[in-house]
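One structure is given below, encoded as structure tokens.
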Amino acid sequence: MAKVTEYQGKIKPDWCPGCGDYGVLNGLQRALAELDIAPHNVLIVSGIGCSSNLPGFIHAYGFHGLHGRSLPVATGAKFGNPELTVIATGGDGDGYGIGVGHFVHTCRRNVDFTYIVMDNQVYGLTTGQASPTAEKDMRTKSTPEGVIETALNPIALALTCGATYVARGFSGDNLHLAELVRNAIAHKGFALVDVFSPCVTYNKHNTYPWFRERVYKLEEEGHDPSNFQQAMEKAFEWGNRIPVGLFYQVERPTYEGEESALRHGPLAKQPLRQEDLASIVLDFA
Ligand SMILES: Cc1ncc(C[n+]2csc(CCOP(=O)(O)OP(=O)(O)O)c2C)c(N)n1
Ligand code: SF4
Ligand SMILES: [Mg+2]
């Protein structure tokens, strides 16, 4: 096992003191150390948001992209070099709002990478507007009279769209989160780890004590993660008791495993088949 400190970036996180994202960063570093994956074999891709700043704070390759666009970049990187451990990180606004179309299609494609969503139910970076996972009636800067819409359910959505590893963690329980992330990375296929990651500055409703009173571990109550129907039922449990842990896991061929262009190895290591680039340029002249 590598040391967790090997994955410490040079730049200290500038998140607010107490932000849940510290726990997620630590959980990810711990998972990588336990799996002993060298930093130069890891690529972390993100969109925009407080949570999406994470690649800047970890010692690994990083790509800080556009708001909501981390998943297509991660997909391209994995196709380019399937030997890389690719991890996308971001927020609920980034992934379930502007990026939700990419989320749906990445789930059904089953590309082999892990997606960690730091779900704080608000847009933290832009100072606390309601996000797609904000609870109905929640008052925020953008919803002074309370959220009107029904909250999006990331677990049910991922299950419906075909994700092959679907889990939820809590940044207040670091060891449990690290275990979920470790198993997500080890899983062959698209893995979602939605994480309750409290925004201590703008979400005064879904706080650490609020979650601590409610969360319980699926594995402690005999949940069978191979049972899709049971996973769906658990996905809708919300209120006084909220489940965390592994909802569902199944094996299915990955997109890159079925793609004929990748049968000869990673694109990054294949010779260029079209060497006469001048003729291509002339085609467009
Ligand atoms: C195309 C585009 N639209 C809007 C924004 C403004 N914007 C930046 S971050 C963000 C939301 C971030 O929320 P979330 O993904 O939940 O991350 P958090 O800050 O809560 O971690 C928005 C709307 C942007 N940068 N680009
Ligand atoms: S505003 Fe919220 S999400 Fe952003 S760093 Fe501060 S506590 Fe974290
Ligand atoms: Mg957010």
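First listed ligand is number 1; within each ligand, the first listed atom is number 1.
Contact record, Ala178 with Ala31: O-CB, 3.6 Å, taken as the closest heavy-atom pair. Closest heavy-atom contact between Cys16 and Tyr22: O-CE1, 3.2 Å. Annotation for Ile48 and Gly65: closest pair CD1-O, 3.2 Å, computed over non-hydrogen atoms.
Other residues, nucleotides and ligands contribute more than 12 heavy atoms inside 6.0 Å of the CG atom of Leu282.
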Take Phe228 and Tyr248 through the test ring-ring contact (aromatic ring centres under 6.0 Å, His included) and record every step on the way to the result.
-> CA-CA 7 Å; Phe228 185 83; Tyr248 186 63; 5.3 Å; yes

Residue pair Tyr255, Phe79: steps toward the ring-ring contact (aromatic ring centres under 6.0 Å, His included) verdict = CA-CA 9 Å; Tyr255 188 101; Phe79 288 177; 5.3 Å; yes

Tell me, with the steps shown, if Asp14 and Phe57 meet side chain to side chain contact (heavy atoms under 4.5 Å, CB included).
-> CA-CA 9 Å; Asp14 57 358; Phe57 310 139; 3.5 Å; yes

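Residue Cys16 does not count as close to atom 4 (Fe) of ligand 2, with no N, O or S atom under 2.8 Å. The Mg ion (ligand 3) has no N, O or S atom of Gly93 inside 2.8 Å of it. In summary, Asp94 places no N/O/S atom under 2.8 Å from the Mg ion (ligand 3), failing the contact criterion.
Only the backbone of Val122 comes within 4.0 Å of ligand 1, counting heavy atoms alone; no side-chain atom from C-beta on gets that close. Contacts between Asp92 and ligand 1, counted as non-hydrogen atom pairs separated by less than 4.0 Å, involve both the backbone and the side chain. Neither the backbone nor the side chain of Ser131 comes within contact range of ligand 1; no heavy atom lies under 4.0 Å.
Ranking the protein heavy atoms by distance from atom 4 (Fe) of ligand 2 puts Cys50 SG, 2.4 Å first. Scanning the protein for heavy atoms near atom 8 (Fe) of ligand 2, the closest one is Cys19 SG, 2.4 Å. The single protein non-hydrogen atom nearest to atom 3 (S) of ligand 2 is Asn120 ND2, 3.5 Å, given as residue, atom name and distance. Atom 15 (O) of ligand 1 has its closest protein heavy atom at Asp94 N, 2.7 Å. At the shortest separation from atom 6 (C) of ligand 1 among protein heavy atoms lies Thr126 CG2, 3.9 Å. The protein non-hydrogen atom at the shortest distance from atom 17 (O) of ligand 1 is Ser51 OG, 3.5 Å. The closest protein non-hydrogen atom to atom 2 (Fe) of ligand 2 is Cys199 SG, 2.3 Å. When only non-hydrogen protein atoms are considered, atom 23 (C) of ligand 1 lies nearest to His67 NE2, 3.5 Å. Nearest to atom 25 (N) of ligand 1 among the protein's heavy atoms is Ile48 CG2, 3.8 Å. Looking at atom 14 (P) of ligand 1, its nearest protein heavy atom turns out to be Gly93 N, 3.5 Å.
Ligand 1 is approached by Ile98 to a heavy-atom distance shorter than 4.0 Å.
Arg214 forms a cation-pi arrangement with Trp210, by the criterion of a distance under 6.0 Å to the ring centre and an angle within 45° of the ring axis.
No donor-acceptor pair closer than 3.5 Å links the side chain of Gln129 to the backbone N or O of Lys141.
Angle OD1(Asn120) to the Mg ion (ligand 3) to O(Val122): 80° [nearest 10 degrees].
The side-chain heavy atoms of Lys217 and Glu219, taken from C-beta on, include a pair separated by under 4.5 Å. No side-chain heavy atom of Leu218 sits less than 4.5 Å from a side-chain heavy atom of Leu246.
At under 3.5 Å, not a single nitrogen or oxygen of Ser52, backbone or side chain, sits near a nitrogen or oxygen of ligand 1.
Against a heavy-atom cut-off of under 4.0 Å, Gly124 is close to the following atoms of ligand 1: 18 (P), 19 (O), 20 (O).
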